[in-house]
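Values in this document were obtained by computation on a predicted structure and should not be read as measured data. Sequence lines set the chain letters: A, B, ... in the order given, protein chains first and strands last, and positions in each chain run from 1.
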Protein chains: 2
Amino acid sequence: MENGFETEDDGDDRGLLSDRIRNALTDEIAAGRLAAGAALDEQQLADRFGASRTPVREALRQLAAGGLVELRARRGGVVARMTPERIMEMFETVAEIEAVCVRLATYRMTPLERSRLIELHELSRPIVESGDVNAYDSFNRQFHETIYCATHNGFLAEQAIAIRNRLNAFRRTQLRQGERLSRSRDEHEAIMQAIAEGDGEMASRRMRAHMLNAATSLSRFIEANKPA
Amino acid sequence: MENGFETEDDGDDRGLLSDRIRNALTDEIAAGRLAAGAALDEQQLADRFGASRTPVREALRQLAAGGLVELRARRGGVVARMTPERIMEMFETVAEIEAVCVRLATYRMTPLERSRLIELHELSRPIVESGDVNAYDSFNRQFHETIYCATHNGFLAEQAIAIRNRLNAFRRTQLRQGERLSRSRDEHEAIMQAIAEGDGEMASRRMRAHMLNAATSLSRFIEANKPA
DNA sequence: TTGCCGCTCAACGTATACACTTATGGCATC
DNA sequence: GATGCCATAAGTGTATACGTTGAGCGGCAA
């Protein structure tokens, strides 16, 4: 039972131990159970996961590469300190990269990709009406990733996904409240309009605004729910 | 003597072994001595560097995180395959990110940062006249990194530097020929002009063109020097 | 009392041994 | 002759032991 893992008590011992430890630590950091700045003792973690130091080290190195952990040689690691300022910086960066993506995508997407995107966007209407936040989150990811791919620049798409994932690790709670869903869809609509007109610059500006709206919404949410 | 390292026969045994192996492998990949797609056997590398598999593994993981190596679970690693298309994708991505940076920097930089940038730019005049390519390369890095910092977005700056470094690992030869130096400086001049006028959009467009010029120049160079 | 030196110990970095998975070659069968 | 299965081997994943370094602390001298 007590093996240090959270969600794998169903006997899921498959996969690389180092990967499972990495995922577990990612979750714990994302959930805030491992506070920013907390020391990460390798032996201690190894004991907690019932493993040796080796896979723990591998996991820590990967997390460090992803920016969730800071490692100093011979001094051990700590959970990366994520100030609100830094989170906003990350949001701005994502917003700018998404803006770049949608501009390139507008100029480069094939008719097939365009119709696929339109189709996807239409799919979101019933989701918004149902208010299913998880479903919308899933759709939203697809929508944005479809745009990344339509840039026809695989490297840029990878970077966009990587940064987006990195940011998601710090989304400690569901960002999108009910009313945000319809606003989000309206903003998508405006972006789609610009794409349809072939105006990449316009699409870019609208995407940037869309992302910054989401960030502001999140920031207000955090402000409202922060521990007194 | 034969310890597998290239440039450290002066007894420089300092630093972490894993880091030294990582640097050595980075160099070898960058120089093309380790061809793309080449298998990376851990034991074999360990023997070559006179070390054990442990630091080699650490090095490989770090390289994988940086994108120079691809690792498949229980199947070992290979040097990442870098097609010309992918390199161009990376250049475009850098160009777009730099364009974002200079736009934000134009709107946000402090007077001190502005004068620092002007000062740096002026410094490049004698370097161009001297034709010292290495000195220009060093200046150029400083110039661009100064702009990154002036965005006042540390995360974005980190991303920009990371991608730029990643790209540098594949610059197998000196990119900038003599004539390119003065053209590069002229382009910097145009960017500075836009910054001075507070026109971030203009600075952005010029930066994008500047970066793509450099990429085109490189691509022509590669084309001309590629093995028959 | 303060500052420096050296000690001690905890934690990381590296080496080595073992376990497990995957790939490959040969053999049997269809 | 082709295909599928099994045995063997090569190589990665993990465990553990040892070396090494940096930090904390106490003692001694100025």
Side-chain angles (χ1 to χ4, degrees), chain A residues 2-5 8 11-26 28-29 34-35 37-81, chain B residues 2-5 8 11-26 28-29 34-35 37-81:
Chain A
E2 265 311 333
N3 58 2
F5 294 98
E8 306 199 34
D12 183 4
D13 289 354
R14 271 174 252 272
L16 266 53
L17 188 51
S18 56
D19 283 354
R20 294 197 298 139
I21 293 175
R22 173 174 54 75
N23 291 335
L25 288 177
T26 299
E28 294 190 24
I29 293 173
L34 273 174
L40 296 167
D41 186 282
E42 293 178 0
Q43 185 60 55
Q44 184 179 319
L45 288 172
D47 294 343
R48 201 152 75 69
F49 287 113
S52 74
R53 275 178 54 218
T54 309
V56 171
R57 282 176 63 82
E58 302 255 331
L60 288 180
R61 296 308 197 261
Q62 288 184 257
L63 292 175
L68 271 75
V69 163
E70 291 169 14
L71 291 179
R72 293 162 302 173
R74 296 183 199 280
R75 288 205 219 159
V78 296
V79 178
R81 298 172 188 282
Chain B
E2 265 311 334
N3 58 1
F5 294 98
E8 306 198 33
D12 183 4
D13 287 354
R14 271 175 253 271
L16 267 53
L17 188 50
S18 57
D19 283 353
R20 294 198 299 141
I21 293 174
R22 173 174 53 76
N23 290 335
L25 288 176
T26 301
E28 293 190 26
I29 293 173
L34 273 173
L40 296 166
D41 186 283
E42 294 179 0
Q43 185 61 55
Q44 184 179 320
L45 288 172
D47 294 343
R48 201 152 76 68
F49 288 113
S52 75
R53 277 177 54 218
T54 310
V56 171
R57 281 174 65 81
E58 301 257 330
L60 288 180
R61 303 306 152 144
Q62 289 184 259
L63 292 175
L68 271 75
V69 164
E70 289 169 15
L71 291 179
R72 293 160 303 173
R74 295 181 199 282
R75 289 208 217 155
V78 296
V79 178
R81 298 171 189 282

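Atom CZ in A:R53 sits roughly 16 Å away from atom C1' in D:dG13 (whole-Å rounding). For the pair A:L45 CG and D:dT14 C1', the computed distance is 16 Å after rounding to whole Å. In this structure, B:Q43 atom CD and D:dA9 atom C1' are separated by 15 Å, rounded to whole Å. Spacing between atom CZ of A:R22 and atom P of D:dG13 amounts to 13 Å, rounded to whole angstrom units. Atom CZ in B:R57 sits roughly 8 Å away from atom P in D:dT12 (whole-Å rounding). To the nearest angstrom, P of D:dT21 lies 10 Å from CG of B:L16. For the pair B:D41 CG and D:dA10 P, the computed distance is 11 Å after rounding to whole Å.
The shortest side-chain heavy-atom distance between B:E42 and B:R57 falls under the 4.5 Å cut-off. Residues A:L40 and A:V78 fail the side-chain proximity criterion, which asks for heavy atoms closer than 4.5 Å.
Phosphate proximity of D:dG13 to A:T54: absent, as no side-chain N or O sits under 4.0 Å from OP1 or OP2.
Nearest heavy atom pair, residue A:I21 against residue A:A59, reads CG2-CB, 3.8 Å. Across all non-hydrogen atoms, the minimal contact from B:R48 to B:L25 is NH2-CD2, 4.3 Å. Among all heavy-atom pairs drawn from A:R53 and A:Q43, the shortest one is CD-OE1, 3.4 Å. Scanning all heavy atoms of the two residues, the minimum distance from B:L71 to B:L60 falls at CD1-O, 4.0 Å.
Distance CD/B:E28 to CG/B:L45: 8.5 Å, rounded to 0.5 Å. In this structure, CG in A:L17 is found 10.0 Å from OG1 in A:T54, a value given to the nearest 0.5 Å.
No contact: B:I21 has no heavy atom under 4.0 Å from any strand.
Sorted by residue number, the members of residues 60-81 of chain B with any non-hydrogen atom under 4.0 Å from DNA chain C read B:R74, B:R75.
Protein chain A contacts DNA chain C from C:dA11 to C:dT14, reading 5' to 3' and using non-hydrogen atoms of the protein with a distance under 4.0 Å.
Scored by the side-chain contact (heavy atoms from CB on, under 4.5 Å) test, B:S18 finds B:L16, B:P55, B:E58 as partners (sequence neighbours excluded).
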